[in-house]
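Report on the structure given below.
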Amino acid sequence: MNENPTPQEKAAERLAADPGLVQRRLEADLAEAARVERSGIRLSPGLSRDGLVDALRASADSITYDHPVLAVTQAKRYHGDLPTGERSDTEELSALYQAASRTLREGELTADRRVPHGGHRILEFHRQVSEGGLFTVTLSATVRVEPDGSVWLEEHRWPSPPVRPVHGRQAGSRELFDAALRELQHDAIPLDRSLTTLLLATVQGSEGTDPGYRSAVTERVTVRRRELDDYAWTAHEHATSDLGDRWYTACFHRSVLENLFENHLGGAAFSLVDREDVEEIDEELRHRLSGVKGSPNAVPPGMPPHHWWWREAVG
């Protein structure tokens with residue numbers, strides 16, 4: 001047994017030891033879907049666009065997916081897209097529904113298109129959320145309106161593909177650096193928020209960090225190694241997905257890791273994360289970003305030139 005197994009190896013070991021695990025998890029997921037089941041939305045097919053938007057906002061708390069398996073799958077897949085204040089460690093589907101409803105109620109309508117072959121409409125709403133006054137994250141709720149007036153939630157996640165950066169800085173680099181280290185010391189604050197803050201502080205330029213700061217970051221990340229493993233595995237999952245839409249998510253996760261390794265962990269990086277796992281992420285990105293035509297305007301300002309994945313995505 002590998003002394004430091006990867007998340008994939010850990011999962012394989014759990015399945016080998018308990019063949020019924022997948023079935024029980026599926027049953028638990030479906031039970032959660034049934035517990036938080038919503039009534040759904042059906043609107044008058046003849047509504048104008050303004051009338052449709054108003055009706056969607058008024059009934060946002062009833063929006064649901066058209067299949068429970070899709071609901072629980074997306075709740076798990078996109079839970080990390082939610083701002084930290086809207087997540088739940090135990091109620092992922094409820095958190096997704098609540099966030100999606102809020103995006104429908106408060107968000108800006110950014111797209112309304114008809115799909116000729118299906119006869120339905122796709123509407124997309126964007127909502128910008130502040131993460132503790134440090135940075136903002138944009139959320140996207142996409143709904144499908146059928147010809148009979150039934151409305152289904154398609155996705156709630158970061159805009160995919162985006163036409164502007166999903167993340168925006170609200171604070172200066174010094175404030176971001178201080179906040180990142182402070183939050184690393186609180187296990188209740190998800191690691192990805194601190195690592196995102198570190199990246200945005202670094203690419204903002206001007207101020208750097210001293211060896212004492214980098215040592216403190218290394219100490220705290222080492223303590224939270226399991227979360228770093230999870231983040232690296234999430235980055236791998238994004239890198240192996242269809243990057244035609246999700247290129248921003250894959251590139252952003254890779255830049256978060258690169259910034260942590262290069263500017264803070266240094267030589268300690270590959271004692272915490274397997275080098276081969278990172279190389280596999282890069283191989284997937286090289287392959288899957290080929291042919292992607294992302295918007296250059298969506299790349300966050302200040303990304304270093306050697307973060308080549310952004311160039312591949314918009315090239």
Under 3.5 Å, is there a donor-acceptor pair linking the side chains of Glu258 and His307?
no

Rounded to the nearest 0.5 Å, how far apart are NE2 of His156 and CD of Gln98?
11.5 Å

Please indicate whether Arg164 has more than 12 foreign heavy atoms, meaning atoms of other residues, nucleotides or ligands, lying under 6.0 Å from its CZ.
no

Suppose we call two aromatic rings close when their centres sit under 6.0 Å apart. Are Trp308 and His306 close by that rule?
no

Does the side chain to side chain contact (heavy atoms under 4.5 Å, CB included) test come out yes or no for Leu198 and Phe177, once each step is laid out?
CA-CA 6 Å; Leu198 274 179; Phe177 278 128; 4.1 Å; yes

Residue among Asp187, Asp192, Asp230 satisfying salt bridge (Lys or Arg N to Asp or Glu O under 4.0 Å) with Arg224
Asp187

Is a side-chain donor or acceptor of Ser59 paired with a backbone partner of Ser62 at a separation under 3.5 angstrom?
no

If every non-hydrogen atom of Leu289 is compared with every non-hydrogen atom of Cys251, which pair is closest and at what distance?
CD1-SG, 4.1 Å

Under the side chain to side chain contact (heavy atoms under 4.5 Å, CB included) test against Ile122, which residue among Asp112, Thr142, Val145 passes?
Thr142

Return the orientation label for the Tyr248 and His167 ring planes: parallel under 30°, perpendicular over 60°, tilted otherwise.
parallel

Are Ile41 and Leu123 connected into the same hydrophobic cluster when the rule is that any two of I, L, V, M, F, W, Y join if their side-chain heavy atoms are below 4.5 Å apart?
yes

Return the OG to CG distance between Ser194 and Leu260, rounded to the nearest 0.5 Å.
10.5 Å

What pairs of residues pass the salt bridge (charged side-chain N to carboxylate O under 4.0 Å, His left out) test when at least one of them lies in residues 287-312, not counting sequence neighbours?
Glu284-Arg288

Whether the side chain of Thr197 engages the backbone of Arg193 through a donor-acceptor N/O pair (distance < 3.5 Å, no angle test) should be reported.
yes

Parallel, tilted or perpendicular, as decided by the 30° and 60° cut-offs, for the rings of Trp310 and Trp247
perpendicular

May I have all residue pairs that pass salt bridge (charged side-chain N to carboxylate O under 4.0 Å, His left out) and include part of residues 93-105, sequence neighbours excluded?
Asp61-Arg105, Glu86-Arg102, Arg102-Glu106

Verify the cluster assignment for Ile281 and Val273: are they in a single hydrophobic cluster under the rule of side-chain heavy atoms below 4.5 Å apart?
yes

Give me the atom names and distance for the closest heavy-atom approach of Ala250 to Leu285.
CB-CD2, 3.9 Å

Please report the shortest heavy-atom distance between Pro45 and Pro147, naming the atom on each side.
CB-O, 3.5 Å

Let me check something: do Val292 and Trp309 share a hydrophobic cluster, defined by ILVMFWY side-chain heavy atoms less than 4.5 Å apart, either directly or through other members?
yes

Closest non-hydrogen atom pair between Pro162 and Asp245, with its separation:
CD-O, 4.5 Å

Kindly compute the distance separating CG (Leu181) from CG (Leu176), expressed to the nearest 0.5 Å.
13.0 Å

Less than 3.5 Å apart, any donor N or O on the side chain of Trp158 or Ser140 sitting next to an acceptor on the other?
no

Going by ring-ring contact (aromatic ring centres under 6.0 Å, His included), name the pairs with one or both residues in residues 261-280, residues two or more places apart or in two chains.
Phe261-Phe270

Quick one: which residue pairs count as a ring-ring contact (aromatic ring centres under 6.0 Å, His included) with a foot in residues 107-128, not counting sequence neighbours?
none

Grab the two heavy atoms, one from Leu82 and one from Arg87, that are nearest each other, plus how far apart they are.
O-NE, 2.8 Å

Would a distance-only check, ignoring hydrogens and angles, find a side-chain to backbone donor-acceptor pair under 3.5 Å from Glu183 to Ile189?
no

Would a distance-only check, ignoring hydrogens and angles, find a side-chain to backbone donor-acceptor pair under 3.5 Å from Ser241 to Leu243?
no

Using modelled atom types only, decide if a donor and an acceptor are shared between the side chain of Arg220 and the backbone of Ser215 within a distance under 3.5 Å.
no

Given side chains that start at C-beta, do those of Glu92 and Lys76 come closer than 4.5 Å, heavy atoms only?
yes

Output for pair (Leu191 CG, Leu184 CG), nearest 0.5 Å, gives 6.5 Å

Has Thr110 got a side-chain atom pairing as donor or acceptor with Glu124's backbone, closer than 3.5 angstrom?
yes

With a 3.5 Å distance limit and no angle check, can you tell me whether Ser271 reaches the backbone of Ala268 through a side-chain donor-acceptor pair?
yes

Let's go through Asp81 and Val137 carefully: what are the C-alpha distance in whole Å and the side-chain angles of both, what is the deciding distance for side chain to side chain contact (heavy atoms under 4.5 Å, CB included) to 0.1 Å, and is it a yes or a no?
CA-CA 9 Å; Asp81 285 13; Val137 60; over 6 Å; no

Pairs in or reaching into residues 42-57: which pass side chain to side chain donor-acceptor pair (under 3.5 Å), with residues at least two apart or in two chains?
Arg42-Asp148

Show your working on side-chain hydrogen bond (donor to acceptor under 3.5 Å, both in side chains) between His236 and Glu280 and close with a plain yes or no.
CA-CA 8 Å; His236 181 275; Glu280 184 175 340; 2.9 Å; yes

Donor-acceptor pair, side chain of Thr240 and main chain of Glu237, under 3.5 angstrom:
yes

CZ/Arg35: more than 12 non-hydrogen atoms of other groups inside 6.0 Å
yes

Within the side chain of Ser101, is there an N or O that forms a donor-acceptor pair under 3.5 Å with the backbone of Ala60?
yes

Heavy-atom nearest pair, Val299 first then Val314, reads CG2-CG1, 3.8 Å

Would you check if there is a donor-acceptor pair between the side chains of Gln170 and Ser130 at a distance under 3.5 Å?
yes

As an exercise, state the distance from CG of Leu70 to CZ of Arg77, rounded to the nearest 0.5 Å.
8.5 Å

Counterpart residues, ring pair (Phe, Tyr, Trp, His ring centres under 6.0 Å), relative to Tyr78 (two or more places apart)
none

Looking only at side-chain N and O atoms, does Asn263 offer a donor or acceptor that is under 3.5 Å from a partner on Thr202?
no

Between Asp178 and Arg174, is the salt bridge (charged side-chain N to carboxylate O under 4.0 Å, His left out) condition met? List the steps.
CA-CA 6 Å; Asp178 290 345; Arg174 185 72 268 155; 3.4 Å; yes

Side chain to side chain contact (heavy atoms under 4.5 Å, CB included), that's the test. Do Thr234 and His253 meet it? Break it down for me.
CA-CA 8 Å; Thr234 299; His253 278 74; 3.9 Å; yes

Within this structure, what is the OG1-CZ distance for the pair Thr249 and Arg157, rounded to the nearest 0.5 Å?
7.5 Å

Side chains of Thr103 and Arg127: any donor to acceptor distance under 3.5 Å?
yes

Could you give me the CA-CA distance, side-chain angles and deciding distance for Glu146 and Arg144, then say whether salt bridge (charged side-chain N to carboxylate O under 4.0 Å, His left out) is met?
CA-CA 6 Å; Glu146 298 288 1; Arg144 183 179 81 250; 2.7 Å; yes

Checking side chain to side chain contact (heavy atoms under 4.5 Å, CB included) for the pair Leu228/Leu257: CA distance, chi angles, key distance, verdict?
CA-CA 9 Å; Leu228 180 60; Leu257 288 175; 4.2 Å; yes

Using atom types as modelled and distance alone, determine if a side-chain donor or acceptor of Tyr65 lies under 3.5 Å from a backbone N or O of Glu155.
no

